[in-house]
Every structure is written in structure tokens, then in C-alpha cells.
Protein chains: 2
Amino acid sequence: VVQTTDLDTPFLSVDGDIMERNLHTMAEYADHVLVSTDVSEAIALRPHAKTHKSPRIARRQLELGAVGLTVATVSEAELFADEGCTDLFLAYPIWADGERGLRLRQLADRVSLRVGVDSAEGASMLGTALRGAPAEVVIEIDSGQRRSGVPPENAADIARAVAGTGLTVAGVFTFPGHSYGPGVARQTASDDEAIALRSAAESLRAAGFPSDLRSGGSTPSVATAHRDAVTELRPGVYVFNDAQQVELGVCSWTDVALWAVGTVVSRRGQRFILDTGSKVLGADRPPWVTGFGRLPDHPEARITALSEHHATVEFSDGSPVPKLGSRVRVVPNHVCTAVNLADELVVVSGDDVRERWPVAARGANT
Amino acid sequence: VVQTTDLDTPFLSVDGDIMERNLHTMAEYADHVLVSTDVSEAIALRPHAKTHKSPRIARRQLELGAVGLTVATVSEAELFADEGCTDLFLAYPIWADGERGLRLRQLADRVSLRVGVDSAEGASMLGTALRGAPAEVVIEIDSGQRRSGVPPENAADIARAVAGTGLTVAGVFTFPGHSYGPGVARQTASDDEAIALRSAAESLRAAGFPSDLRSGGSTPSVATAHRDAVTELRPGVYVFNDAQQVELGVCSWTDVALWAVGTVVSRRGQRFILDTGSKVLGADRPPWVTGFGRLPDHPEARITALSEHHATVEFSDGSPVPKLGSRVRVVPNHVCTAVNLADELVVVSGDDVRERWPVAARGANT
């Protein structure tokens, strides 16, 4: 058996057992916990595949009951369709021009496809690209992140534009991305998500459109999602978790299934340098986190700076500092961008390398 | 001829003419401007290939007089050696353990190789890996960035450790990374660089070691480098430039040779969303920049937030905002991390696609 110590650092390592537990926990949560007392069906789980970009993990999510996958780009959708996934939601305001329109049409002819939209102009482009295809359109609602999406009260206007092109409206979706914040952010984002989805659905109903699909959810806000407002959840990060989730209090270190393995290449006093730089961890650093990633085996340490091939780690005075040449585990702030930098994930059990999974959709941005 | 409008966004575009001018300007600078009045030789230019990771650009740098390339990792070195580069400097405190030690040895047997070191322990590892090979070792000095490197006064100690393993010391190097800052940062960093390199070189001379190689330089600090202290410059970013360089005042928009091309996929009032997210631009955002990248054709706009596939752009009240579906150019904050996310660079002349260059060393982190 190959050992992790046989591999040159840096690399991304996945604990297969922790990942499997994370997959089960979320699948069971969607199956049981969120079922409304007066609705017989479970909440649908449609995990976002942008986190792992890995067919092997997608298949496991589907085996455990996911209704399909969420993706962000047509090229991600193409990759997972090639790998046998038959139900895909492009949760993004796709601009279906040129070659992308043709690619989208080919997708719609071979899988069950839902596509996001948030403008009449976007609907018109989709109408041209998807004319006669069985695809459905889902209207994006802004529930407070102030990114893409229309205000709930504009949902019916967009639905009319979609219907005018001959396409079918399936319902509404939102991303409560403002769940990524300290304190009550998660509860607030879940409340906002419920209000926005309910209000948009009511606007669709009043205008004679279907509103059974009300899709929401992010890893931090899944636990506080309103069971009577949300019919589908789209978490991504939960597969692996990351330093952001730990610092938000969404999970603990024992729930983190992915880390970079780095080597201490330089040291001076209480400061040392790991070879896990921004080209390995990604440079995501929202203002509320405490550094550029975390060291789960040294929770008191902080990554105070990140260059492309240097993570500068500071220990408080008196703490024992890892020796030069030591291998240290580093959990990225944002696992989705870290995975997208790697060609493969090294799946381990303890120090044994069990498998190596390609990040097949790495760089699939178009 | 393929037009850029035939390509789905997002993609990275390089203006071949601007890049060629940037390459010439730096080559001429090293050849002429920096020659000391009392030293007959020019400053050596050894560009850092981590910026472009592209054999085609490396070859052009060498054709224009670069003495060799700088790289950050053994895998980058392997790639450029395979592509015919015969002179490489690994400007990093390489920890030559395990497989990496063997790979380093193979490199040293086929190219002229210099390797960085900043500890006696690292020197010992290099000694074992490179025993009998013609490689040279260069001692890394911390000139004020507080990253890797030893204080100048410790250079001779490290040199003695290197010599004790049987390897040859070539001189000293530093990265004045604190040149990346507003105001007088560049001048300060260049002054610090000169003081550190002179002091370390003096320490080596006094201990009987060579000190002819005094390697420094970063794109922001090249223009203020001290001609009597620095014998070699290692800028990387200058090939393309980026939003950081523009905001630092190092270059102007007309010197920027690389940008992402994105599509306006969503718009509400003075805010719109481009499909050039952090998986295209990278998430680098030092505190002194004004956003997550810049729009050269809309210098008043700011990228106020970045998700994986969304760049949130805000225009001031009253400014004309690009229409939905428009294509917009975005210059990343840090071009090195943006290039490392792409599989290829689309080389353009106006709207014509001239060539497509693979980012051959993308992800080469080990």
C-alpha cells in the first residue's frame, strides 16, 4: 500500500470515512428531519457538484438519494452528463448565446435539465437556444445576498417572459449566500430565504405559474432552512467542509474531510513557512475569518499571509512549533476553490493511500 | 480567422503585441539602464516563469537575452527543462526529501541548476540529494518581507552548512515582496533589498565564500533596484502586468497584456454580474487594492464581491452600465494566480484569435 509519506507535498488529501459520514448525514437530514408535518414528501437534496467536481463523489451522492446534481456552468453539466448523471440543474443565470446556446441545447436533449434565469433578456436567449427541448426554467430570486436574482415581486414578470418564449417555468430558486457570516447570519439568511421563496412562489401562483419547486440552501443555512418554504436544498461544501464552516460553527474539526498536506520548508522563531500557498489553498479570505486557512492539529496557530507557494504560519510565544521538514495538515478556507486548483484528490485512510480521484471538472468555467 | 466572439466566456486573453513590448522593455532595461557606471556587465535578467507557466513565453524571454528562468517548484523546473530550458534557478527553500530529492537530482544532471536554501537542515537535505551533481546553492535572505530567508548576518552560517555537505555556494538571493504596497513601499523595498544583499554578500566574502550572485527583484521594485547591489533580477508579472501593478502605479492600462473576457449575465440598476468569478480571476485581494480586479474599459467601476462564478460590479450613480449579454474585459488583481486557473491563453490581435498557448505548468506545485 502506498503511504501518504511517499507523495511529494503539497497535495490535497480526502479522508474517505469522514466524507462518507458527511454524505450520509446530509442525505438523512434531507430525508427525515426537514419533512414538514403536513407535507408527506421529503425535502429534495440536489448537491452542488462545483465543490468536488468529481464523478466518483457525484455517483455516491446520487446513490444516497440525491434527486440530481446542481452545477454552475454548461461545461460542468456536460462533464457530469458524460459520467451518467441524468438530472441536472444549472443554478445560474445562463446567458445562452453562441456556442454556449448550442451546447445547452445538446445537453437538454440527453438529460433532464433545469436552467436558471433572472431577466427577460436571458429568457429570450434561452427560448431561442432551447426551443422545443424538454428543459425547464427556474427563476432566480435575490433573497438578500445582492448578487444575481430578481426581487420576489418580479418573479411573475420573468415567468411571463419565459412562457412567452414557449419554455416551461418550474418554480424559483435562491442562494442565501449571506449565510456566510458570523453571529446570527445563518438564521437571518434562512429567514430571508423562506420569505423570498414564499413571496416569489405566491407571485407565480397568482399569475398562474407552477411554484412547487422552491429551491434554496447553502451548507451553513441548511440546518436553519424553513421546512414549509423550501422544497429542495443545494448545499455543496458539506461533502468536505472547510475552515470557513468550522469558524462559522457549522461543523467541528472532526467533520472536515479534506486538507492540504504541506511541508515546513522554513522556520524562524515562532513563524514558519509551509509549501501550501495560494496556488494550493486558494486566496479566499472573507473579513470574518481568522486567517488564510487553518491547521487542525495546531488550532492556536494562524496563517497570517499567503503567497503562491508560501503559507506564513505564526504560533503564539511559547507554543511548540513543528520542526523543519515536518508535514502539517492545512484546511483551506474555501474548499471549492482549493479543489478547483488540484488535478486529483488523494483518498486516504490514516496514512494509507486508498484511491486517487481526478478532479474531472477542474477549470470547467464556460 | 476565429474571432474572440466565437469563444464562450469566460476565457483569458493575451494581447500578443503588448506582451511582446513588455518583454522587450524589460530586456532592454536589464541590458542598458541598470549597468553600473563602474561595472562593465549588464544586470542579468532571470524572469520568474511562475507567472506565465508557458513554454512559448519562456522561449521568447530567453531569445531576448534572459540568462535563464526562475521557477518556484521542482515540477515547474521539470516542465521547463523538458521544453529545452537549460538554466534554471529554483528560488525557493527546497526541502529535498523523498521522491522530490530524487527528482531534483535528475534535474541537476540535465540542466544548469541553482537551488535556494535558508537553513542548515535544508542544506543537509540538499547535500544528500545532490551529492556529486554540478548544482549550485543560493542562500535566501529576508530583506523585510518576513517570509522565508535568513537575516543577512546569518548568510555565512548557512554557507558553511552548504559547504559542509560538499555543495557549492553561488551567492545570495532575496524577494523584496514588501514592494507590493502603496506610497513609498517600492522605494523602501528596493533600499532594503540593496542593504540586505550587500550585507549578506559581505558576510559571505568575509567567510571566504563567493558573493558575485546577488539576486533580487520583483516587478514593482525593478525600476528602483540598486545597480551596485543587485546582479540579477527575477521579475515575473511584467510579462502581462495586472490590476495590482496599475493600482501601485507600476504601469498603465495600456501596458496590461492579459485580461479575462466575461459576459454580463445579470443586472439590476447600477450593479451587474459578470461570469468571471474567483475560479477565473483568483481571489487575491490585498488590503490596498480597490476591488477584486478592474475593468480597463470602465475605470470608474469596482468589483465589490467575487463568488466562484460571479463578479459583482458596481457603477456609480448615473454612469452608463453595459447591457445584459455584453462582453466586458476584466484585469485580475494578481495575474500569476489567474493564469494558474486556466488551461490555455487565447492570444489575440484585436478581435482575431491568433494562437492558443497551453498553460503547460498549471498546477505544478510539487
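This one's a predicted model, so the numbers in the text were calculated from it and none came from an experiment. Here is the naming used below: chain letters follow the sequence lines, and residue numbers restart at 1 for every chain.
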- For chain B, the option from A:Ser307, A:Gly363, A:Gly177 that forms the most heavy-atom pairs under 4.5 Å: A:Ser307

- Task: Go through the structure and list residues passing ring-ring contact (aromatic ring centres under 6.0 Å, His included) with A:Phe173, not counting sequence neighbours.
- Result: A:Phe89

- Query: Which bit of B:Thr312 is near chain A, if near means a heavy-atom gap under 4.5 Å: side chain, backbone, both or neither?
  - Reply: side chain

- Separation between CG (A:Asp142) and OG (B:Ser266), nearest 0.5 Å, reads 8.5 Å

- Message: Counting heavy-atom pairs closer than 4.5 Å to chain B, which one of A:Asp118, A:Leu324, A:Asp97 comes out on top?
- Response: A:Leu324

- Item | Max heavy-atom pair count under 4.5 Å with chain A, selected residue of B:Arg146, B:Glu121, B:Glu140 | B:Arg146

- Residue B:Thr304 versus chain A: region with a heavy atom under 4.5 Å: neither

- Query: Is there side-chain contact between B:Gln145 and A:His310, with heavy atoms separated by less than 4.5 Å?
  - Reply: no

- Portion of A:Asn154 that has a non-hydrogen atom of chain B nearer than 4.5 angstrom: side chain

- Nearest 0.5 Å, what's the CD-CG distance between A:Glu308 and B:Asn340? 8.0 Å

- Task: Indicate the atoms forming the closest heavy-atom contact of A:Pro93 with B:Val265, along with that distance.
- Result: O-CB, 3.6 Å

- Contact class of A:Thr9 relative to chain B, heavy atoms under 4.5 angstrom: both

- Query: If you round to the nearest 0.5 Å, how far is CG of B:Asn365 from CG of A:Leu341?
  - Reply: 7.5 Å

- Message: Given heavy-atom pairs under 4.5 angstrom as the criterion, report whether the side chain, backbone, both or neither of A:Asp8 touches chain B.
- Response: both

- Message: Looking only at heavy atoms and a cut-off of under 4.5 Å, which of A:Ala305, A:Gly149, A:Ser75, A:Gly325 has the most pairs with chain B?
- Response: A:Gly325

- Any side-chain heavy-atom pair of A:Thr263 and B:Arg100 under 4.5 Å: yes

- Item | salt bridge (charged side-chain N to carboxylate O under 4.0 Å, His left out) evaluation trace for B:Asp343 with A:Arg362 | CA-CA 10 Å; B:Asp343 291 323; A:Arg362 199 214 68 73; 2.9 Å; yes

- Query: Under a 4.5 Å heavy-atom cut-off, does chain B meet the side chain of A:Phe11, its backbone, both or neither?
  - Reply: neither

- Query: Does B:Tyr92 reach the side chain of A:Asp275, with side-chain heavy atoms less than 4.5 Å apart?
  - Reply: yes

- When heavy-atom pairs shorter than 4.5 Å are enumerated against chain B, which of A:Met125, A:His334, A:Arg267 gives the highest number? A:His334

- Check whether A:Lys50 gets within reach of chain B through its side chain, its backbone, both or neither, counting any heavy atom under 4.5 Å. both

- Query: side-chain contact (heavy atoms from CB on, under 4.5 Å) between A:Glu99 and B:Asp6: does it pass, once the steps are laid out?
  - Reply: CA-CA 7 Å; A:Glu99 185 69 17; B:Asp6 298 332; over 6 Å; no

- Query: What part of B:Ile273 is in contact with chain A, defined as an atom under 4.5 angstrom from a non-hydrogen atom: side chain, backbone, both or neither?
  - Reply: side chain

- Item | Side chain proximity check, B:Val264 to A:Trp95, heavy atoms < 4.5 angstrom | no

- Task: With rounding to the nearest 0.5 Å, note down the distance linking OG in A:Ser148 to NE2 in B:His309.
- Result: 12.0 Å

- Message: Could you report the tightest heavy-atom contact between B:Arg147 and A:Arg271, atom names first, then the distance?
- Response: O-NH2, 3.2 Å

- Message: Which residues in residues 276-287 of chain B have any heavy atom closer than 4.5 Å to a heavy atom of chain A?
- Response: B:Ser278, B:Lys279, B:Val280, B:Ala283, B:Asp284

- Please flag which part of B:Glu314 lies under 4.5 Å from any non-hydrogen atom of chain A: side chain, backbone, both or neither. neither

